[in-house]
Amino acid sequence: NERTFIMVKPDGVQRGVVGDVIHRFEQRGYKLVALKMLQAPRALLESHYEEHKGKKFYEILLAYIGSGPVVAMVWEGLNAVSVGRKMLGATDPAKSEPGTIRGDFGIVTGRNIVHGSDSETSAQREIALWFKPDEIS
Ligand code: ATP
């Protein structure tokens, strides 16, 4: 069964949308198989965002995601990765359709509320980074 890594970023946690994000995935029919709240250490964020290393927003991005606790989750079900991305909306919330998480809660890319894996390969990589095997049911 396909799994995806979904994370509520610090702005989403501060604004109290964790419950809404969970509710949307439950309502859609996905199964929650892992969840934790943590202040992500720098090394974990460097690994998570290694594809962006060297880009001009890289340090801003790491400071943003490290600015407070995040809620990391693994959701399981049919096409979890691609449907999950649709549920999040476009990276730039200004371009996200209303009805998506970013389209309902965000306006700027630098504070875009949630993360979701963009492929099955990155989902597997990200799940292994954020969770130990025995933390996933
Ligand atoms: P995520 O990986 O968080 O789901 P994404 O895959 O939609 O987002 P990416 O292009 O991989 O988008 O960028 C990763 C994250 O980096 C974005 O979600 C956003 O928080 C941040 N980001 C991307 N581009 C910029 C930018 N130009 N300025 C500030 N932050 C940015």
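Note that the numbering runs from 1 along the sequence shown for the chain. Both ligands and their constituent atoms are indexed starting at 1 by order of listing.
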* Tell me which protein heavy atom sits closest to atom 19 (C) of ligand 1, plus the residue, atom name and distance to 0.1 Å. => Thr109 O, 3.5 Å

* Asked: Would one find more than 12 heavy atoms of other residues, nucleotides or ligands at under 6.0 Å from atom NZ of Lys86?
  -> no

* Structure fact -> atom 6 (O) of ligand 1 sits nearest the protein heavy atom Arg85 NH1, 3.0 Å

* Asked: Under 3.5 Å, side chain of Arg3 to main-chain N/O of Glu120, donor-acceptor pair present?
  -> no

* Which protein heavy atom lies closest to atom 9 (P) of ligand 1, and at what distance to 0.1 Å? -> His52 NE2, 3.6 Å

* Does even one non-hydrogen atom of Lys56 get within less than 4.0 Å of ligand 1? -> no

* To do: Name all residues meeting the ring-ring contact (aromatic ring centres under 6.0 Å, His included) criterion together with Tyr58; count only those two or more places apart in sequence or in a different chain, and write none if there are none.
  => none

* Asked: Tell me: protein heavy atom nearest atom 7 (O) of ligand 1, and distance?
  -> Thr91 OG1, 2.4 Å

* Asked: Under a heavy-atom criterion of less than 4.0 Å, does Lys55 contact ligand 1?
  -> no

* Heavy-atom pair of closest approach, residues Gly84 and Phe25 -> CA-CE2, 3.9 Å

* Looking at ligand 1, does Arg102 have a heavy atom less than 4.0 Å from it? -> yes

* Asked: Charged N to carboxylate O under 4.0 angstrom, Asp20 versus Arg24?
  -> yes

* **Residue, atom name and distance, where the atom is the protein heavy atom closest to atom 21 (C) of ligand 1** => Leu61 CD1, 3.6 Å

* Just need the protein heavy atom nearest to atom 2 (O) of ligand 1, so name the residue and atom and give the distance. => His115 ND1, 2.8 Å

* Could you tell me whether a side-chain N or O of Arg102 sits under 3.5 Å from a main-chain N or O of Asp92, the two making a donor and an acceptor? => no

* Any ion pair linking Arg125 and Glu50 (charged N to carboxylate O, less than 4.0 Å)? -> yes

* For Asn112, is the nearest heavy atom under 4.0 Å from an atom of ligand 1? -> yes

* **atom 27 (N) of ligand 1 - nearest protein heavy atom and its distance** => Phe57 CD2, 3.8 Å

* Structure fact -> Contacts of Glu135 meeting salt bridge (Lys or Arg N to Asp or Glu O under 4.0 Å) (sequence neighbours excluded), chain-then-number -> Lys36

* Asked: Among all protein non-hydrogen atoms, which one is nearest to atom 20 (O) of ligand 1, and what is the separation to 0.1 Å?
  -> Lys9 NZ, 3.1 Å

* Main-chain N/O of Val81 paired to Glu2 side chain as donor or acceptor, under 3.5 Å -> yes

* To do: Pull out every atom of ligand 1 sitting under 4.0 Å from any heavy atom of Gly116, numbered as shown with elements.
  => 4 (O)

